[in-house]
Amino acid sequence: MIFSTLEHILTHISFSTVSVVITLHLITLLVNEIVGLYNSFEKGMIITFLCITGLLVTRWIYWKHFPLSDLYESLIFLSWSFYIIHMIPYLKKKKNYLSAITAPSAIFTQGFATSGLLTEMHQSAILVPALQSQWLMMHVSMMVLGYAALLCGSLLSVALLIITFQKDIIRIFDKRKLLFLLNESFFFGEIQYMNEKGNILQSASPFSVRNYYRSQLIEQLDHWSYRVISLGFIFLTIGILSGAVWANEAWGSYWNWDPKETWAFITWTIFAIYLHIRTNTNLQGANSAIVAFIGFLIIWICYFGVNLLGIGLHSYGSFTLTLN
């Protein structure tokens with residue numbers, strides 16, 4: 001009863017705190033950076049991280065197994081992993097470029113885990129024999145940490161794509177609108193004169209400074225995306241290898257090609273392609289970001305696919321949506 005109450009309190013404190021943190025972060029994005037709000041944002045992230053850590057430790061002590069036996073616990077651990085990734089730049093006292101990704105990701109996963117959709121899974125149960133192994137901590141924790149890092153890196157690549165192609169979309173729209181107005185109002189000779197004049201004005205426009213900062217932002221997004229995805233790829237590789245060893249002990253085979261294993265291999269292949277593309281300087285930026293975006297979609301298929309279908313050897317975390 002005490003552990004259940006403590007878990008309930010920590011869940012509400014962490015979710016309420018991260019909600020306030022998101023609000024503060026939005027304020028800092030909409031107005032000029034305020035030091036006081038930024039410090040409050042970081043302190044709020046630390047408080048939420050400690051609450052999530054306490055929640056996981058409480059379930060670990062009460063249920064006497066590492067809290068990664070079902071979808072609810074893995075979502076809480078995924079949210080905790082986002083906080084870990086957020087804390088790394090903060091502990092190194094560097095500017096945190098990941099906060100716009102990690103904070104919303106954490107609140108989304110934690111909100112889904114604590115919603116009424118997974119009410120039946122909030123209460124843990126005795127582990128099935130196949131999960132009663134020391135490999136549970138090694139394999140599942142590495143996989144979830146890998147998913148968290150890969151998701152953050154992929155979202156940074158998505159932001160890179162949006163910034164890169166936003167200008168092209170606006171440019172196309174403006175050109176079409178301009179041509180339509182000119183065709184309605186002027187003759188061909190006047191149109192040619194206006195185009196030449198527009199080119200001269202454009203070459204002398206002050207937007208070059210804005211373009212410089214935009215290119216710097218794209219470069220930073222590409223740099224951090226590569227670093228975070230590289231970290232996630234290492235975790236994912238360790239998770240797959242440890243899972244193969246565990247599978248051999250539990251089922252007598254290193255690889256069984258069930259849906260979870262197949263999609264994990266596809267995920268690993270996609271991000272291996274991403275890392276290979278990043279070695280070519282001509283393909284960095286938008287080209288590698290497109291591959292990372294594909295990997296982002298594949299991760300969610302791998303993470304939720306088996307849980308939704310409830311098939312295969314990894315169907316322990318399957319669930320049924322309960323609508324009120």
Side-chain angles (χ1 to χ4, degrees), residues 18 21-22 25 29 41-42 45-46 48-49 52 74-110 140-164 215-241 263-264 266-281 283-303:
V18 77
V21 162
I22 290 293
H25 188 64
L29 290 177
F41 169 75
E42 293 298 337
M45 291 294 286
I46 294 173
T48 309
F49 169 73
I52 293 292
S74 69
L75 282 170
I76 294 296
F77 193 86
L78 180 64
S79 180
W80 181 82
S81 302
F82 286 130
Y83 290 112
I84 285 289
I85 296 172
H86 174 87
M87 296 295 293
I88 292 175
Y90 176 77
L91 294 176
K92 291 185 176 181
K93 297 182 180 180
K94 293 182 178 180
K95 188 172 182 179
N96 197 342
Y97 295 95
L98 301 176
S99 58
I101 301 296
T102 53
S105 300
I107 193 174
F108 173 78
T109 52
Q110 187 181 352
V140 186
S141 62
M142 289 296 101
M143 293 297 293
V144 177
L145 282 169
Y147 289 153
L150 293 174
L151 286 171
C152 287
S154 299
L155 286 173
L156 289 172
S157 294
V158 172
L160 186 152
L161 289 174
I162 292 173
I163 295 174
T164 301
S215 63
Q216 291 294 311
L217 177 60
I218 291 175
E219 184 179 348
Q220 286 293 326
L221 288 173
D222 187 48
H223 172 73
W224 278 98
S225 175
Y226 173 67
R227 294 185 66 179
V228 176
I229 287 178
S230 299
L231 178 64
F233 186 79
I234 294 173
F235 285 138
L236 183 66
T237 303
I238 297 173
I240 291 175
L241 292 177
W263 282 104
I266 294 173
T267 304
W268 186 90
T269 304
I270 292 295
F271 285 101
I273 294 172
Y274 167 86
L275 295 176
H276 177 71
I277 290 176
R278 283 293 273 99
T279 59
N280 189 339
T281 56
L283 297 177
Q284 293 179 5
N287 296 286
S288 57
I290 293 173
V291 179
F293 172 69
I294 297 173
F296 175 80
L297 301 177
I298 296 297
I299 289 173
W300 287 114
I301 295 175
C302 179
Y303 187 73

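Enclosure of atom OH in Tyr226 is not indicated, since only 12 or fewer non-hydrogen atoms of other residues, nucleotides or ligands lie within 6.0 angstrom. Heavy atoms from other residues, nucleotides or ligands lying under 6.0 Å from NE2 of His276 number 12 at most. A 6.0 Å sphere centred on CZ of Phe296 holds more than 12 heavy atoms belonging to other residues, nucleotides or ligands.
How far CD1 of Ile298 is from CD1 of Ile266: 6.0 Å, rounded to the nearest 0.5 Å. With rounding to the nearest 0.5 angstrom, the CG atom of Leu221 is 10.0 Å from the CD1 atom of Ile162. Separating the CG atom in Leu156 from the NE2 atom in His223 is a distance of 11.0 Å, to the nearest 0.5 Å. In this structure, the separation between CG on Leu150 and OG1 on Thr267 is 8.0 Å, given to the nearest 0.5 Å. Distance check, rounded to the nearest 0.5 Å: CH2 of Trp300 to CH2 of Trp263 gives 15.0 Å. Expressed to the nearest 0.5 Å, how far OG of Ser225 lies from CD1 of Ile218 amounts to 13.0 Å.
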Worked check of ring pair (Phe, Tyr, Trp, His ring centres under 6.0 Å) between Phe77 and Trp80: CA-CA 5 Å; Phe77 193 86; Trp80 181 82; 5.1 Å; yes
Residues Phe271, Thr237; criterion side-chain contact (heavy atoms from CB on, under 4.5 Å); working and verdict: CA-CA 11 Å; Phe271 285 101; Thr237 303; over 6 Å; no
Intermediate values then yes/no, side-chain contact (heavy atoms from CB on, under 4.5 Å), Cys302 and Trp268: CA-CA 11 Å; Cys302 179; Trp268 186 90; over 6 Å; no
Stepwise side-chain contact (heavy atoms from CB on, under 4.5 Å) test for Phe82 and Leu151: CA-CA 9 Å; Phe82 286 130; Leu151 286 171; 4.1 Å; yes
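Checked by atom type and distance alone, the side chain of Ser79 never pairs as donor or acceptor with a backbone atom of Leu75 at under 3.5 Å. Within the 3.5 Å criterion, the main-chain N or O of Ala292 finds a donor-acceptor partner in the side chain of Ser154.
You'll find the side chain of Leu155 reaches within 4.5 Å of the side chain of Ser105, heavy atoms only. Contact check for Met87 versus Thr102: no side-chain heavy atoms found under the 4.5 Å cut-off. Counting heavy atoms from C-beta on, the side chains of Leu236 and Ile240 come closer than 4.5 Å. Within the 4.5 Å cutoff, the side chain of Leu145 has heavy atoms near those of the Met142 side chain.
For the residue pair Ser74/Tyr303, the side-chain donor-acceptor check at 3.5 Å is satisfied.
In this structure, Ala289 and Leu160 approach most closely via the heavy-atom pair CB-CD2, 4.0 Å. Here the closest non-hydrogen pair linking Asp222 and Ser288 is OD1-OG, 3.9 Å. The heavy-atom pair separating Ala272 from Phe233 by the smallest distance is N-CE1, 3.7 Å. A pairwise comparison of heavy atoms in Ile229 and Leu275 identifies CG2-CD2, 4.4 Å as the closest pair.
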